[in-house]
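Input: a single structure, listed below in structure tokens.
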Amino acid sequence: MKRRSFFRVVEPYLYLAPAMIFFVLFLFWPFFKTIRLSFAMTTPLGEVASNVGLSNYISIFTSQKFLNSLFVTFKYAIMTVVFSIAFGFILAIVSSEDIKGTNFFRTVFALPMAISAAAASVVFMFIFHSSMGILNKVLGTNIGWLTDPKYALIAVTLVTVWMNIGLNFIYVTAALQSVPMDLYESASLEGAGFFDKHRHITIPCISPTLFFLLIINVINAVQAYAQVKMMTQGGPANSTNVIVYEIYQEAFMNSRFGMACAESMILFAILLVLTLLQFRLEKKVTY
């Protein structure tokens, strides 16, 4: 009996053991190792050479390049999140109307979700090309979209927004299915117009979904890397040097792993603060 009772106590932990081992090896251990290295100076192989305390953090916050990467990241995140959610919401509203070809348009709107960031970046590099790009030919301009500091971040943002529309569109479309049609019919009887219906009915009803998308889009925007690496390599003049690409440069181009780990911890703190602030706003979400 004692063996059977002991097995009943241990059995749940045996089922959890594979997942816990995975988390320890690939999540918790790298996280604590990153914290350790952020307080050290490392060799080119990533081994600890000496402990430097807070020197890495002091150097980071006195570095104009890193402060610029923070500013670029926040500017990029704001533009990306606002336009990604807005366009996804608008397209979902349009596709929910009773019009011909709705299923075709829904498929087209969701397609960007299936395309990798690297593939999309390569295609848009040709579109944004200053001399051969179709965008300049259509607009009749001669703008260096990827070589001019005024336009490079805008170009990267457009690519990211295009890639994110599919995810936002799918979630908003699914959320719209749960809004009772009786509410729209009652609003129509009261004389409410198209925009009034969506302002006073749709948005409050799907606010939990919009809140979820806000968190996901913010995290994805702050962690952007592939499109920057493929399209601009952080340039020109560091105008697209987002924080994740700055971490990549410090670690794999400058071999300063201690500095890269310190920057990674700052990025973690930023994401944590943003997430906590967003959950403070959860009180305004209608459930």
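Residue numbers count from 1 along this sequence.
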- Below 4.5 Å, heavy atoms only, C-beta onward: do Tyr184 and Thr202 meet side chain to side chain? yes
- For side chain to side chain contact (heavy atoms under 4.5 Å, CB included), just list the numbers for Trp145 and Met125, CA-CA rounded to whole Å, side-chain angles, deciding distance to a tenth of an Å, and then say yes or no. CA-CA 9 Å; Trp145 293 99; Met125 285 175 65; over 6 Å; no
- For residues Val156 and Gln227, report the shortest heavy-atom separation together with the two atoms involved. CG1-CG, 3.8 Å
- Any side-chain heavy-atom pair from Asn56 and Phe39 closer than 4.5 angstrom? no
- First locate atom CE of Met113, then atom CD1 of Ile170, and finally report the distance between them rounded to the nearest 0.5 Å. 4.5 Å
- Query: Is there a donor-acceptor contact under 3.5 Å from the side chain of Ser38 to the main chain of Ile35?
  - Reply: yes
- Does a side chain donor of either Ser239 or Tyr151 reach within less than 3.5 Å of an acceptor in the other side chain? no
- Item | Parallel, tilted or perpendicular: ring planes of Phe28 versus Phe23, cut at 30 and 60 degrees | tilted
- Under 6.0 Å from the CE atom of Met41, do we count more than 12 heavy atoms belonging to anything else shown? no
- Message: Would you say that Val159 contacts Phe128 through its side chain, given a criterion of any heavy-atom pair below 4.5 Å between the two side chains?
- Response: yes
- Taking Ser96 for the side chain and Ile93 for the main chain, is one N or O donor matched with an acceptor at less than 3.5 Å? yes
- Under 6.0 Å from the NZ atom of Lys150, do we count more than 12 heavy atoms belonging to anything else shown? no
- Got Leu167 and Tyr171 here, is their nearest side-chain heavy-atom distance under 4.5 Å? yes
- Crowding at CD1, Ile134 (>12 non-hydrogen neighbours, <6.0 Å): no
- Message: Tell me whether Gln233 contacts the main-chain N or O of Lys229 through its side chain, where contact means a donor paired with an acceptor under 3.5 Å.
- Response: yes
- With side chains defined as the heavy atoms from C-beta onward, is the minimum distance between Ile266 and Phe66 less than 4.5 Å? yes
- From OG1 (Thr209) to CG (Leu214), nearest 0.5 Å: 12.5 Å
- Item | Donor-acceptor pair, side chain of Asn241 and main chain of Ser69, under 3.5 angstrom | no
- Query: Would you find a donor on one side and an acceptor on the other, under 3.5 Å apart, between the side chain of Thr275 and the backbone of Leu271?
  - Reply: yes
- Message: So, taking the atom named CZ in Phe124 and the one named CG in Leu146, what distance separates them when rounded to the nearest 0.5 Å?
- Response: 11.0 Å
- Message: So, taking the atom named CZ in Phe211 and the one named CD1 in Ile216, what distance separates them when rounded to the nearest 0.5 Å?
- Response: 10.5 Å
- Using atom types as modelled and distance alone, determine if a side-chain donor or acceptor of Thr240 lies under 3.5 Å from a backbone N or O of Gly235. yes
- Would you say the side chains of Tyr245 and Thr232 form a donor-acceptor pair under 3.5 Å? no
- Same cluster or not: are Leu91 and Leu111 linked, directly or through other Ile, Leu, Val, Met, Phe, Trp or Tyr residues, by side-chain heavy atoms under 4.5 angstrom apart? no
- Task: Consider only side-chain heavy atoms of I, L, V, M, F, W and Y, link residues closer than 4.5 Å, and tell whether Phe71 and Tyr225 are in one cluster.
- Result: no
- Test side chain to side chain contact (heavy atoms under 4.5 Å, CB included) applied to Thr73 and Leu267, step by step: CA-CA 10 Å; Thr73 300; Leu267 174 60; 5.9 Å; no
- Roughly how far, to the nearest 0.5 Å, is CZ of Phe195 from NE2 of His200? 12.5 Å
- Passes side chain to side chain contact (heavy atoms under 4.5 Å, CB included), Leu153 versus Met79? Steps please. CA-CA 10 Å; Leu153 188 61; Met79 292 190 296; 4.0 Å; yes
- Query: How long is the span from the OG atom in Ser255 to the CD atom in Gln249, to the nearest 0.5 Å?
  - Reply: 12.5 Å
- Heavy atoms only: give me the nearest Pro236-Asp148 pair and the separation to one decimal. CG-C, 3.7 Å
- Message: Do Ile206 and Val172 have side chains that approach each other closer than 4.5 Å (heavy atoms only, starting at C-beta)?
- Response: yes
- Report yes if the side chains of Cys261 and Arg36 come closer than 4.5 Å at any heavy-atom pair, otherwise no. no
- Are there more than 12 heavy atoms of other residues, nucleotides or ligands under 6.0 Å from atom CD of Gln177? yes
- Task: Assess whether side chain to side chain contact (heavy atoms under 4.5 Å, CB included) is satisfied between Ile60 and Met259, documenting all intermediate values.
- Result: CA-CA 8 Å; Ile60 286 172; Met259 292 287 288; 3.7 Å; yes
- Task: Please indicate whether Phe87 has more than 12 foreign heavy atoms, meaning atoms of other residues, nucleotides or ligands, lying under 6.0 Å from its CZ.
- Result: no
- Message: If we ignore hydrogens and angles and just use 3.5 Å, is the side chain of Asn217 paired with the main-chain N or O of Ile85 as donor and acceptor?
- Response: no
- Can you find a heavy atom in the side chain of Ser95 that is under 4.5 Å from one in the side chain of Phe169? yes
